[in-house]
Amino acid sequence: MIRILDLLENWVVGILGLFMLVFALAQVAARYLLPELVAGGGEELIVYIFVWAAMIACAGQVTRQGHVRANLVLRLLPIGVVRFLEAINALAALTVCAIFIWFGSDVVNIAILIDEHSQTGVSFPMWIYYLALPVGAALMAIRYVLLLVRIISEKGSVTKEGLMREASV
Amino acid sequence: QDDVYELRVSVDTNLQTSRTAHLAEYLNEIEKRSDGRLKPTLYHSAQLYADRDVGKALLQGAVEMAMPGSWTLSGIVSDLDFPGLPSFFGVSAEEAREIVDGEVGEIINAELDAKLNSHVIGRWHELEPLHTYSVDKPIESFEDMKGMRIRHPGSAMQSLQISQKGATPVVVPWPDVALALNQGQVDGLVSTHNTVISGKLWDTGVKYTFEDANSRMYQMMLIANPAWEKLPDDLKAIMEDTWEEMLPTFLERVRNSDDRDREVLVENGFTVYQPTPEQLEALHEALAPTEEDAVKELKINPAISEAIIKARGGM
Amino acid sequence: MAAIVPVLFFVLLAFGAPIFVVLGLTASLGFSLNGLSLVPFAQKVIDQLNSPMLLSIPFFVMAATYMEKGGIAHALVEMAGAWLGWLRGSLGIVAIVACVIFAAICGSSVATCIAMGTILIPAMTARGYDRPFALGLIGASGTLGILIPPSLPLILYAVIADESVPRLFLAGVVPGLLVALVFAGWVVFRAHRRGLPKGDPLTIDNVVGKTVHALPALSIPLIIAVGIYGGYVTVSEAAAMSAGVALLVSLGYYRTIAMRDVIPVTAQAVGSAAVITIIVAVALAFGHWITESGVPAAMVRVIGDAGLQSWQFLLLINLVMFIMGMFLEVASILLITLPILLPVLPALGIDPIHFAIILTINMEIAMITPPVGLNLFVLTGISGAQISETIRGVSPFVVLLIIMLLLITFVPQLSLWLPTTVYG
Ligand code: NA
Ligand code: NA
């Protein structure tokens with residue numbers, strides 16, 4: 001399970017990222033080499049690919065403590081308190097994920113219901129794009145549950161050193 | 001009784017555009033006539049929503065009213081792309097008015113009601129006509145457009161309209177337009193006089209306009225059904241009657257301001273060309289055989305195509 | 001009741017909840033208090049991401065990551081060092097010059113900060129610069145990314161204000177270079193007072209060698225400049241091109257990235273872009289709630305009713321922007337305030353292009369003022385420093401930026417001269 005997540009968060013994200021780069025460069029090249037083939041709309045697809053990649057990548061950033069935050073106060077508090085606050089933070093994050101999963105699903109359903117497409121020649125079914133929000137949030141939620149379990153069960157899971165070397169961005 | 005009905009109203013253009021200015025004027029008027037029982041708050045310049053997203057906001061109850069451009073809702077009601085049909089090409093402002101006030105408007109209003117759960121108040125407001133503008137090469141006739149790369153914001157309808165004239169449509173988002181023109185990435189663009197002026201596009205080398213009226217587009221005033229149904233009949237009547245009363249003045253102003261805007265363009269070094277009625281008619285006829293393909297490509301209800309053809313007395 | 005919202009905001013922020021969680025929970029609560037379902041909130045978040053303008057962010061971050069991993073930023077810094085090593089405090093000057101060059105490629109202050117900070121902060125601390133100073137210098141010079149064109153906030157301004165993008169871009173050039181010059185002056189002053197080291201002495205061999213080694217790296221700003229200004233591509237396409245060239249040069253010339261690293265490194269770049277992207281999306285939804293609360297509108301009405309002169313108005317705006325900039329992200333501030341402020345400008349005789357530059361410098365300050373300053377978080381992340389250290393380091397630069405802000409506010413010609421000369 002966790003191996004599948006790791007795979008998804010590294011390889012799928014990397015491949016999607018590389019694909020959007022190649023796609024964008026191909027689009028520039030095509031505009032000069034084969035202008036009659038380029039009706040536009042490529043940029044739109046790149047946006048959808050990026051948002052999917054980014055939503056999946058957000059889950060990976062939970063494990064790496066990569067989500068930007070201000071941990072100044074945490075560094076000043078005793079470690080027992082920090083551990084308690086970190087559990088609260090994970091719960092807060094889970095709440096936001098739950099909101100994105102629950103209401104994001106409604107967003108997807110509404111788009112299917114009114115059959116929303118992009119207004120470009122691509123006429124992309126928007127629910128596929130919107131689906132990135134609940135799916136990404138669900139992946140993130142799994143990571144936050146694992147994190148919460150670790151914080152509660154392992155005494156040494158939260159350390160001052162960890163806070164100091166926290167890699168963000 | 002003295003219930004106050006608060007209405008959040010969203011529009012994505014600024015107060016200098018005719019649409020937003022007229023909407024503001026109308027909202028003031030209904031607030032006055034209802035003695036403050038209707039209490040609208042106007043959020044302009046996309047403070048709350050871009051037009052593209054406002055349809056869903058109405059449906060989800062995030063705003064009560066909106067006045068989006070018809071072209072921005074075609075992702076949900078594809079029939080709104082009807083101005084791209086060959087049958088609608090070259091229609092005069094007056095002819096177009098009859099068409100959208102008639103059967104075509106009725107069909108589309110019903111669809112908006114069904115899909116966005118929103119009621120259309122009164123007849124549609126209209127955008128200044130869309131023309132073609134160019135940088136280095138003047139466009140004096142439709143022939144001149146062949147092979148030119150023309151920018152549009154990415155709608156299927158405009159893409160089709162540009163191709164119909166033998167030009168290559170290129171999608172460039174508005175923020176990149178000035179750079180794209182400056183750099184010769186595109187040779188021209190489809191826009192309105194008003195937009196060209198507000199973007200000071202002469203800075204980027206645009207100096208010719210071909211007033212081909214390649215599109216006529218509209219804005220519709222929508223109110224979410226839950227908000228509409230809550231209103232007592234007298235307030236509903238105030239909203240509809242006030243709009244009908246003010247609309248002729250608004251439309252006249254849109255047309256006059258377009259004349260004034262043309263003068264501003266000329267003052268800034270523009271040369272203005274217009275197609276002759278014969279050229280318009282010739283292209284209209286040449287495009288006629290492609291009507292069926294366009295209906296399919298733009299996913300338009302064939303009844304709309306038929307209604308337009310009938311209203312214009314045949315293709 | 002609505003008073004809970006700011007309390008929740010500050011408590012979550014202080015206790016280290018991720019920023020997207022802080023803004024997300026606060027905005028959700030705000031939406032609920034306004035009697036809204038959270039469906040429009042979720043819709044707003046995902047709709048905000050559906051924008052081609054946003055694509056510049058991942059591409060610029062990819063470019064920065066490849067440049068950093070691929071020895072490119074390193075080669076640029078080495079070359080600047082070879083040319084400027086004879087100066088006292090040379091590495092500090094090198095940092096500013098490198099940031100200016102990078103800012104001319106990149107429209108984001110965060111990406112400039114990441115690319116330059118990753119190389120220069122360790123290098124500066126290794127040569128005896130105290131870490132807060134190094135952090136502050138990169139944090140502040142990084143903000144030039146949004147003043148020196150291309151600039152994402154200026155593009156956003158152009159969209160909201162219906163202004164011409166090239167005019168706005170040109171207006172940022174002179175103020176950007178001025179700010180860089182003032183920073184350089186500060187570095188020289190500090191270098192002499194603290195006896196900061198010189199670098200390598202100026203030798204022909206060294207200069208030629210390092211410059212030749214940097215040529216493939218220098219081709220990137222060149223390609224971008226030709227692409228955008230002489231050029232043929234949009235801003236996000238230019239970003240994609242710089243990422244593409246950076247990748248090729250790193251693989252083929254500097255060889256610090258191997259084939260098998262490409263996908264993991266790309267994943268890392270997308271991850272960095274993702275954490276910024278989700279904050280931007282949630283922050284815009286947060287801004288939506290603030291707009292609807294009517295607070296900014298009321299604030300501006302008060303300003304209008306007070307019958308202010310234009311200089312009083314600008315001073316007040318600077319103060320308001322400074323305070324908002326402490327707490328909010330750049331795009332949110334612009335989206336919240338511009339629709340309300342822009343209509344006031346003509347009556348006061350303020351040029352909207354000049355106003356854009358004033359706001360951009362305010363946004364630069366916002367990037368480095370606590371408690372919410374993206375550059376602060378970024379620097380803290382890449383250096384492993386404490387955030388308090390970073391804040392201490394940037395504070396003199398905040399003062400310098402405020403002085404420059406006042407100068408540029410009251411001398412409109414600094415912003416308007418170049419665009420007026422070019423476009424009339
Ligand atoms: Na820049
Ligand atoms: Na700040």
Query - Inter-residue atom distance C/K44.NZ - B/L48.CG, 0.5 Å rounding - result: 7.0 Å

Report task. Taking the side chain as every heavy atom from C-beta outward, state whether B/D53 and C/Q43 have any atom pair closer than 4.5 Å. Result -> no

Query raised in the report: Are more than 12 heavy atoms from other residues, nucleotides or ligands located less than 6.0 Å from atom NZ of B/K137?
Result: yes

Requested in this report: Specify the closest pair of heavy atoms between C/E292 and B/Y43, including all atoms of both residues, with the distance to one decimal.
Outcome: O-OH, 3.6 Å

**Report entry** Closest non-hydrogen atom pair between C/L36 and B/R8, with its separation
**Finding:** CD2-NH1, 3.7 Å

Report task. Show your reasoning for whether side-chain contact (heavy atoms from CB on, under 4.5 Å) applies to B/R52 and C/D47. Result -> CA-CA 9 Å; B/R52 181 196 71 185; C/D47 278 343; 4.2 Å; yes

